[in-house]
2 protein chains.
Amino acid sequence: MKIGELSRATGTNIETIRYYERIGLLPAPGRTAANYRSYGNAHRSRLSFVRHSRELGFTIEEIRSLLDLSDDPARDCGEADRIATAHLEQVEAKIAQLARLRDELKRIVGRCRGGAAADCRVIEALGDHRHCESAH
Amino acid sequence: MKIGELSRATGTNIETIRYYERIGLLPAPGRTAANYRSYGNAHRSRLSFVRHSRELGFTIEEIRSLLDLSDDPARDCGEADRIATAHLEQVEAKIAQLARLRDELKRIVGRCRGGAAADCRVIEALGDHRHCESAH
DNA sequence: CTTGACCCTGTAGTTGCTACAGAGTGCATA
DNA sequence: TATGCACTCTGTAGCAACTACAGGGTCAAG
């Protein structure tokens, strides 16, 4: 299939597909007589793997490691688990951090009673870190 | 005070301070005879405002709007509240999205029983979107 | 008088794409 | 046959929000 078809099949931007090839995440496919890229099912699977991993927030480098693992079926799969577990921990840390921000923002918004900016509690709270209850 | 002192006083990287000046977020300070930047308390307050807002996840453009507001004390402060409220909604949306990712990741990790990569459930789950329970 | 800490400008790198510009290809229609 | 349109190609530049140099100048202490 040509790049446009692969794009539609995987919901991936054409430019993104070429980008993945350029950084070595996808192998360079064969070419037609007109120098068009020509993909097969292996390419589509690999791209789906990449896109799904990206949607789950894995970085390109993490995905590279995961692809290396899946390319070598004899290798120990514990590393895949470690990568995924480490990523899960990062996601949980990010959620906790955002929850603290949310609480701080909640305290800040809604305090404005529609006066002039000179008396604005929102701007005041943003200017002075000491108003905060938790670290961020 | 010189840039290093301002950096320590606000916990901001020196390069970042110069960057903020370059993009017009901080006004260009006066210079000493040796062409060193020379800051006063107004600069320090403004930079604290910027850093605090960044820590709370506001974008540079949002901060620019908030600074415009606080620079003009006569203006209506409702806009500051709108910006902060909109940002709060974005944070809440991001938390919800990350929570979905976390749940998906939790389902994926820990399924590996330490075999070969060929049988790895983690890699399998990443390759096939149909295993997912929620959209992401 | 030299060492070290500080400061300057300007540019390039980071992550993960996205958006062109300028050119070629392939197929259907007037 | 021409021509219009969709598609593809390469290469480069842009985004956010910094961060990291390189290659120089300044200044106080020993």
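Chain A is the first sequence line, chain B the second, and so forth, proteins listed ahead of strands; every chain is numbered from 1.
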Give the minimum heavy-atom separation between [X] and [Y], together with the two atoms involved.
{"X": "G57(B)", "Y": "E62(B)", "result": "O-OE1, 4.4 Å"}
{"X": "L56(A)", "Y": "H87(A)", "result": "O-NE2, 2.7 Å"}
{"X": "A9(B)", "Y": "R44(B)", "result": "CB-CD, 4.0 Å"}

Is the shortest side-chain N/O distance from [X] to OP1 or OP2 of [N] below 4.0 Å?
{"X": "R37(A)", "N": "dC9(D)", "value": "yes"}
{"X": "T16(A)", "N": "dT18(C)", "value": "yes"}
{"X": "R18(B)", "N": "dT9(C)", "value": "no"}
{"X": "R64(B)", "N": "dA16(D)", "value": "no"}
{"X": "Y20(B)", "N": "dC18(D)", "value": "yes"}
{"X": "R54(A)", "N": "dC17(C)", "value": "yes"}

May I ask you to say what I23(B) touches in the nucleic acid, namely base, sugar-phosphate or nothing, with a heavy-atom cut-off under 4.0 Å?
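No contact.
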Just checking R51(B): base, sugar-phosphate only, or nothing, at a heavy-atom cut-off of under 4.0 Å?
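Touches sugar-phosphate only.
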In whole Å, I'd like the distance from the [atom1] atom of [X] to the [atom2] atom of [N].
{"X": "L25(A)", "N": "dT15(C)", "atom1": "CG", "atom2": "P", "answer": "13 Å"}
{"X": "I17(B)", "N": "dT19(D)", "atom1": "CD1", "atom2": "P", "answer": "11 Å"}
{"X": "R22(A)", "N": "dC9(D)", "atom1": "CZ", "atom2": "C1'", "answer": "13 Å"}
{"X": "N35(B)", "N": "dT26(D)", "atom1": "CG", "atom2": "P", "answer": "9 Å"}
{"X": "E15(B)", "N": "dC18(D)", "atom1": "CD", "atom2": "P", "answer": "13 Å"}
{"X": "L26(B)", "N": "dC18(D)", "atom1": "CG", "atom2": "P", "answer": "11 Å"}
{"X": "N13(B)", "N": "dC21(D)", "atom1": "CG", "atom2": "P", "answer": "12 Å"}
{"X": "R31(B)", "N": "dC6(C)", "atom1": "CZ", "atom2": "P", "answer": "19 Å"}

[X], nearest nucleotide to its side chain (from [options]):
{"X": "Y19(A)", "options": "dG26(C), dG25(D), dG16(C)", "result": "dG16(C)"}
{"X": "Y36(A)", "options": "dT8(D), dC17(C), dG25(D)", "result": "dT8(D)"}
{"X": "T59(B)", "options": "dA17(D), dA19(C), dC17(C)", "result": "dA17(D)"}

More 5' along DNA chain D: T32(B) or I3(A), using each one's nearest nucleotide?
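It is I3(A), whose closest nucleotide lies nearer the 5' terminus.
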Looking at R51(A), R54(A), R46(A), which hits side chain to side chain donor-acceptor pair (under 3.5 Å) with Y20(A)?
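Testing each of R51(A), R54(A), R46(A) against Y20(A), the sole residue satisfying side chain to side chain donor-acceptor pair (under 3.5 Å) is R51(A).
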Among R18(B), H43(B), K2(B), which residue satisfies the side chain to side chain contact (heavy atoms under 4.5 Å, CB included) criterion with R37(B)?
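Exactly one option meets the side chain to side chain contact (heavy atoms under 4.5 Å, CB included) with R37(B), and it is R18(B).
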